[in-house]
Student: 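Take this structure first; my questions come after.
Proteins come first, then strands; the chains are lettered A, B, ... in the order of their sequence lines, and each starts at number 1.
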Amino acid sequence: MSAPVRTRFAPSPTGDLHVGGLRTALFQWAFVKANGGELVLRIEDTDQSRYVEGSVESICEGLRWLGIEWDEGPEVGGPHGPYVQSERLEKYHAVAAELQARGRAYRCFCTAERLAQLRKDQQKDGLAPGYDGRCRQIPPEEAEERARTEPSVLRFRMDRTGVTTLPDLIRGDVTFQNSLQDDFVILKSDGFPTYHLAMLVDDHDMEITHVVRAEEWLASGPKHLQLYEAMDWPAPHFAHLPVLVDSKGRKLSKREADVAALDYRDRGYLPEAMLNFLAFLGWSLDDHTTHITAGEFARVFTLDRVVPNPAFFDVERLDALNGHYIRALAPEAWREHVAGWLDRDLPANIPRPLDADLVTAVAPLLQERVTRLDEVAGLVRFLFALPDYPAELLTERIGGDTGLAARTLEAAIAAVEGVAPEAWAPEPVEAALRSLQDALDLKLRKFVSVLYVAIMGAPRGIPLFDSVALLGRDEALDRLRAARAKLA
RNA sequence: GGCGCGUUCGUCUAGAGGCCUAGGACACCGCCCUUUCAAGGCGGAGAUCGCGGGUUCGAAUCCCGCACGCGCUACCA
């Protein structure tokens with residue numbers, strides 16, 4: 001029985017879950033599902049200074065938003081815990097000590113100032129910046145003695161001969177010259193491990209078989225490979241995902257784009273749309289598939305169909321997908337979304353709970369003209385209160401023809417008055433308004449914008465006939481008369 | 001600066017020597033439908049496959065060089 005595929009998502013609790021991180025987690029999840037493996041969630045909080053309260057909860061929430069569940073980790077536990085690195089310090093110290101015993105790690109007392117100066121000099125001389133190994137010479141006994149009173153870090157002794165080749169599942173073999181490597185820090189002066197050490201220890205302990213991470217980690221591959229070698233541990237497989245970039249081709253950043261995953265949820269994107277969007281950023285199934293569900297993705301995903309080049313996070317495509325999934329929603333599910341967003345976004349002075357029948361009636365009118373859920377309230381608001389609008393808006397789409405606007409409104413008032421209160425329903429209302437074509441001897445489309453403005457305060461919106469019917473006879477008449485009065 | 005990765009329509013991508021006069025999707029344009037706006041249907045435009053050399057009967061696909069972009073180059077991950 002071969003070991004099951006195990007991979008891990010290892011975010012730092014430094015703030016909101018980034019969409020790039022979400023994409024990485026999604027691919028890891030799909031990879032694991034497609035292979036009957038397990039996903040581990042691990043919190044990498046070895047940099048205490050960057051810790052942000054609430055990050056872990058936010059990360060978990062972000063993952064669950066897309067339906068990504070982890071088999072082990074925070075909130076769910078597991079046999080390899082704890083899953084938070086700050087709670088695993090002894091393990092790192094033990095491995096650090098072992099590395100020292102093996103002669104692969106040594107104490108370094110160099111100050112930040114010396115290191116900075118060293119880097120400066122190296123850059124001036126056109127050399128590759130990196131630690132020069134000065135403290136390698138200090139005899140271990142002397143180093144331990146000094147460590148009692150002096151601040152120090154532990155560095156890994158890199159093999160500087162030959163090359164290190166990293167077999168990447170997406171890019172093939174990537175080879176690095178070892179002479180260009182330097183002795184990096186594995187244990188900081190505050191006693192915390194750096195990412196490199198913590199990752200080595202945890203991935204080994206947690207039996208990770210596949211390290212799937214973003215491309216920005218590729219360059220530190222040699223460090224990790226040598227670390228495994230130094231401990232005589234088998235290295236896992238590696239796959240470096242292409243990064244997500246902004247419109248300038250740079251790694252997605254807070255400055256250029258909205259990167260907080262949950263913000264997308266809060267702006268009205270459906271999880272199925274986000275998942276579909278992310279799935280095709282750097283991966284494809286074939287030459288024609290553009291829509292995919294979570295289940296399908298988790299069934300057919302393979303790393304060899306991940307491309308190595310960066311992908312632009314194009315919100316226009318996300319919008320298109322979101323509209324698609326909104327339209328695909330069953331009527332009842334859609335109604336629930338509408339109800340929720342209306343309750344959230346409608347002005348506070350509109351009494352709650354909202355009229356359930358009204359919500360049920362408008363929902364279908366909204367479904368095919370909304371791309372984001374946060375547009376819903378704006379389109380429906382007029383049913384609760386008429387927004388103020390300038391008189392010119394009435395004639396905006398009819399070339400400023402005030403006379404036509406007046407005739408339209410007068411005819412509309414008469415027509416609507418012609419619908420008896422007890423006969424009030426969408427069909428009679430539609431018939432009444434359509435009759436204006438004869439009254440005015442014009443196609444409906446030529447003057448209908450006047451009615452849109454009078455009824456909803458905008459020349460466009462959800463269907464007019466239904467809107468008038470939903471508004472009720474008195475309110476509709478009031479609005480038509482008010483519009484007529486504006487023209488005078 | 002050094003090292004690494006990358007380079008097919010505006011965008012995401014298909015493509016693993018002849019199936020490519022390079023396919024799909026989003027965006028864009030036009031027409032149809034139509035009570036506005038959408039949605040939907042139909043059609044269109046859009047890439048000499050970064051550039052230059054090879055290899056081959058034949059290259060987007062293989063090899064070499066160059067250019068450009070990005071990433072890394074911390075006691076951050």
Student: Relative to each other, are the rings of A/His224 and A/Phe238 parallel, tilted or perpendicular (30° and 60° limits)?
Tutor: parallel
Student: How long is the line joining CG of A/Leu180 and P of B/G1, in whole Å?
Tutor: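 It is 15 Å, rounded to the nearest whole Å.
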Student: Looking at residues 431-445 of chain A, who's got a heavy atom less than 4.0 Å off RNA chain B?
Tutor: A/Arg434, A/Leu444, A/Arg445
Student: Evaluate the ring planes of A/Phe313 and A/Phe277, with Trp represented by its six-membered ring, and classify them as parallel (under 30°), tilted (30 to 60°) or perpendicular (over 60°).
Tutor: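 Answer is perpendicular, since the angle exceeds 60°.
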Student: Taking donor-acceptor contacts at under 3.5 Å, does the side chain of A/Arg305 reach the base of B/U13?
Tutor: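 Side chain to base: no pair below 3.5 Å.
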Student: Should the ring pair A/Phe301 and A/Phe297 be called parallel, tilted or perpendicular, given that the plane angle runs from 0 to 90° and is split at 30 and 60?
Tutor: perpendicular
Student: Would you mind classifying the nucleic acid contact of A/Gly282 as base, sugar-phosphate or nothing, using non-hydrogen atoms under 4.0 angstrom?
Tutor: sugar-phosphate
Student: Report yes if a side-chain nitrogen or oxygen of A/Arg460 is closer than 4.0 Å to either non-bridging phosphate oxygen (OP1 or OP2) of B/U35; otherwise report no.
Tutor: no
Student: Look at all strands and tell whether A/Phe280 reaches a base, only sugar-phosphate, or nothing, counting heavy atoms closer than 4.0 Å.
Tutor: sugar-phosphate
Student: Looking across every strand, which nucleic acid part, if any, lies under 4.0 Å from A/Thr175 by heavy atom: base, sugar-phosphate, or nothing?
Tutor: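 It contacts sugar-phosphate atoms only.
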Student: State whether a side-chain donor-acceptor pair under 3.5 Å links A/Thr371 with A/Asn322.
Tutor: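 Short answer, no.
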Student: A/Arg213 CZ to B/C5 P: how many Å, rounded?
Tutor: 15 Å
Student: Under the side-chain hydrogen bond (donor to acceptor under 3.5 Å, both in side chains) test against A/Tyr92, which residue among A/Thr46, A/Asp202, A/Thr194 passes?
Tutor: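 Single pass found, and it is A/Asp202.
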Student: Reading RNA chain B from 5' onward, which residue's closest nucleotide shows up sooner: A/Arg171 or A/Phe465?
Tutor: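 Closer to the 5' end of RNA chain B: A/Arg171.
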Student: What is the distance, rounded to the nearest whole Å, between atom CG of A/Asp173 and atom P of B/C3?
Tutor: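 From A/Asp173 CG to B/C3 P: 20 Å.
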Student: Take atom C1' in B/A14 and the same atom in B/C19, then report the distance between them in whole Å.
Tutor: 14 Å
Student: Compute whether any side-chain donor of one residue and acceptor of the other, for A/Asp173 and A/Thr165, lie under 3.5 angstrom apart.
Tutor: no
Student: Using a cut-off of 4.0 Å between protein heavy atoms and nucleotide atoms, how would you tag nucleotides 68-77 of chain B 5' to 3' with B, S and -?
Tutor: --SSSSSBBB
Student: Contact class for A/Leu451 (heavy atom, under 4.0 Å): base, sugar-phosphate, or nothing?
Tutor: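 Nothing: the residue A/Leu451, judged by heavy atoms under 4.0 Å, touches no strand.
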Student: Which part of the nucleic acid, if any, lies within reach of A/Leu464 when heavy atoms closer than 4.0 Å are counted: base, sugar-phosphate only, or nothing?
Tutor: base
Student: Give a yes or no on whether the ring-centroid distance for A/Tyr83 and A/Trp70 is below 6.0 angstrom.
Tutor: no
